[in-house]
Amino acid sequence: MTKLSNPLINSLLENPLDFIHFIDEIPMGVLVLDLNQRVVHLNKSFEALSGEYIDRAYGVKCHNILRSAACVNNCPLLLMGSENRSISCKSDIINMDRQKLPIRITIAPMLDINGDVKGFIETIQDLRMVEKLDQRQSIAYSFANIIGRSPQMEKIFQTLPLLAQSDTSILITGETGTGKDLVAEAIHQTSEREASPFIKINCGALPETLLESEIFGHEKGAFTGAVGNKPGRFKLAHNGTIFLTEIGDLPLALQVKLLTFLDDKIIFPLGSTKEFNVNVRMIAATNRNLEEMVKEGSFRKDLLFRLNVARIHLPPLREREGDIRLLLDHFFSHYTKQVNKAIKGFSTAALARLIHYNYEGNIRELKNIVEYAVNVAATSVIEPENLPAYLFEPVTDTHSFSSYSGSFKNFNASNPMQTEDIASKPDKIQSNETWPSVQRRMILDALKEAKGKKSEAASILGMGRSTLWRKIKQYNIDP
Amino acid sequence: MIHKLTIPVHKENVALRFDMATEVFIILLSDKFIIEEKKSIVLPRSSADELCHLILSENINTLICGAIEDEYYQFLTWKKINIFDSVVGTWSEAFTNWKESNLNSRDILSSRKVEGRYV
């Protein structure tokens with residue numbers, strides 16, 4: 001018996017039909033098998049999917065051609081038994097290109113006119129696209145690398161793709177460690193500017209003079225030491241996104257220059273009379289209260305309005321219901337894989353502490369705690385003693401204090417007497433006050449108490465003179 | 001020089017898939033292709049990673065197998081292991097063909113039948 005070169009379908013229409021053409025038009029892989037599960041025919045889609053072709057497969061047992069995991073574990077044909085009904089299962093194949101592909105196999109019997117089974121028809125659906133969509137759905141609680149399922153985060157996940165597609169300036173606010181940088185990068189990665197650079201500038205990391213040259217660039221000879229032309233970050237980010245983090249720390253003089261750019265999309269490098277047109281999308285982020293800074297006069301109101309076209313506020317972790325557990329599991333899985341340890345999870349006691357801990361450093365702190373615990377754990381579960389010791393220190397704060405309780409601890413360490421002073425004044429601290437405003441008031445109180453003597457005030461506050469001087473400058477206090 | 005050959009098997013056949021094999025034959029051959037030793041290793045579970053590890057730790061020179069993912073194929077090739085993949089048939093036929101320098105990747109060594117008749 002040889003392979004029929006031109007099998008026909010008779011009696012369906014007036015004239016016999018070409019079976020090969022008929023089966024080749026079906027947009028999924030089809031295998032025609034005899035009663036002994038040997039391949040009689042396969043269509044073009046199957047050829048494309050598996051890399052097999054009929055001359056090689058003809059007369060061979062179907063499992064040797066399909067090479068699916070189901071063929072090894074539980075052959076669907078055997079599962080079908082004597083029932084003349086189709087059967088379907090999900091599996092994967094390794095094709096001739098040595099690719100592992102997810103598939104769905106559906107097998108149905110082929111009956112003759114008497115209803116007797118004479119063979120089988122096996123359809124193979126490529127599930128690659130479906131699995132991709134499934135993955136997208138299953139990570140509906142995330143956007144890029146940001147994870148969360150709390151109502152606050154869900155709202156953000158809904159907004160982010162829309163904002164990413166627009167070209168407006170975005171202001172990201174939130175406490176330290178809430179993932180502002182991650183959001184900015186995710187917006188860039190999902191925007192149309194994805195292929196162009198994403199340039200990040202930390203406005204708080206450089207002194208004013210250097211920052212101006214860093215952001216806007218300079219011409220050769222613009223100042224002492226400017227031995228060559230420097231393009232500046234704006235120019236480097238052309239057609240891409242510029243991310244100004246810690247925008248609250250941007251000096252007032254540069255705020256004006258940034259404002260000019262936002263209005264005209266033109267930059268003037270230091271020492272240059274020649275303007276340069278740049279097409280960049282601006283994303284700014286800060287953990288400071290810009291409205292408060294506007295009131296204090298340390299941030300320009302008009303710049304705030306320009307930046308505040310679209311605002312994303314990232315909630316602190318303690319306000320994200322249910323996300324602590326989700327993130328604990330996420331980072332646990334990440335770090336156990338990284339260090340290759342067979343840790344099953346957290347003990348009940350450790351989990352209870354972790355879930356009820358007030359994460360002042362937000363996700364960054366949680367991540368660090370999990371990394372530490374996974375590295376330290378010597379048993380199959382993470383016990384409370386594997387967690388950093390400071391998690392078990394008594395905390396005397398409320399949420400309103402949380403953002404600055406770390407600083408209180410510093411004061412405690414350097415000046416125990418001061419602890420009482422500050423702790424005895426919680427009535428003076430209102431829950432809607434921000435840490436900068438509280439700190440500003442504390443500095444003013446200390447200066448008053450020290451009758452304007454900075455070294456004495458610094459000693460009262462438990463900070464160094466230079467720190468106090470910096471804070472005085474930062475808060476525009478004129479002693 | 002001793003040559004070491006391995007064949008992941010399922011019963012008498014070359015295992016359909018490298019990643020799903022739970023038994024391997026390891027055959028030691030002398031210069032003149034005389035079998036010095038033949039052993040069968042039953043794996044605790046099917047795992048392509050563990051099989052790769054076994055192949056490397058046993059200093060295997062040649063692998064005859066069924067379907068193998070590219071990642072493992074490339075890795076083993078990089079480790080200078082000679083691979084004949086997508087081989088269909090009994091392990092003994094595959095081995096004989098290999099010994100006679102008559103084995104190629106993608107070879108179908110089993111008989112072909114349709115509706116009970118050889119084709």
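Note that these values count all heavy atoms, side chains included, but never hydrogens, waters or copies made by symmetry. Labels below follow one simple rule: chain letters A, B, ... track the order of the sequence lines, proteins then strands, and each chain is numbered from 1.
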### Partner set under side chain to side chain contact (heavy atoms under 4.5 Å, CB included) for A:Arg67, not counting sequence neighbours
A:Met96, B:Ala67, B:Ser86

### Query
Does any heavy atom of chain A fall under 4.5 Å from the side chain of B:Asp19, the backbone, both, or neither of them?
side chain

### Message
Donor-acceptor check, side chain of A:Asp34 to backbone of B:Val114, threshold 3.5 angstrom: yes or no?
### Response
no

### Task
Kindly say whether B:Arg106 contributes a backbone atom to a donor-acceptor pair with the side chain of A:Arg56 at under 3.5 angstrom?
yes

### Query
Considering only heavy atoms, which portion of A:Ala57 lies under 4.5 Å from any heavy atom of chain B: side chain, backbone, both, or neither?
backbone

### Query
Just how far is it from atom CD1 of A:Ile94 to atom OH of B:Tyr73, taken to the nearest 0.5 Å?
14.0 Å

### Query
Which atom pair, heavy atoms only, marks the closest approach of A:Asn64 to B:Leu16?
OD1-CD1, 3.3 Å

### Query
CD of B:Glu69 to CG of A:Asn95: how many Å apart, nearest 0.5 Å?
10.0 Å

#### Entry: Non-hydrogen atoms of A:Tyr58 and B:Arg112 that approach each other most closely
O-NH1, 2.9 Å

### Task
For A:Lys61, look at atom NZ and say whether over 12 heavy atoms of other residues, nucleotides or ligands are found less than 6.0 Å away.
yes

#### Entry: Non-hydrogen side-chain atoms of B:Met20 and A:Asn73 separated by less than 4.5 Å
yes

### Task
Mind ranking A:Asp92, A:Val39, A:Asn36 by heavy-atom pairs under 4.5 Å with chain B and telling me who comes out on top?
A:Asp92

### Message
Need one label for A:Ile65: side chain, backbone, both or neither, based on atoms under 4.5 Å from any heavy atom in chain B.
### Response
side chain

### Query
Do other residues, nucleotides or ligands put more than 12 heavy atoms under 6.0 Å from A:Lys337 NZ?
no

### Task
Flag the one option from B:Arg17, B:Lys113, B:His10 with the top tally of heavy-atom pairs under 4.5 Å to chain A.
B:Arg17

### Query
How about A:Arg98 and B:Ile68: do any of their side-chain heavy atoms sit closer than 4.5 Å?
yes

### Task
Test side chain to side chain contact (heavy atoms under 4.5 Å, CB included) on A:Arg38 and B:Val119 and set out the steps.
CA-CA 11 Å; A:Arg38 287 181 181 266; B:Val119 289; over 6 Å; no

### Query
Is it true that atom NE2 of A:His334 has more than 12 heavy atoms of other residues, nucleotides or ligands lying nearer than 6.0 Å?
yes

## Note on the structure
Residue set satisfying side chain to side chain contact (heavy atoms under 4.5 Å, CB included) with A:Ser88, at least two apart, ordered chain then number -> A:Arg104, A:Thr106

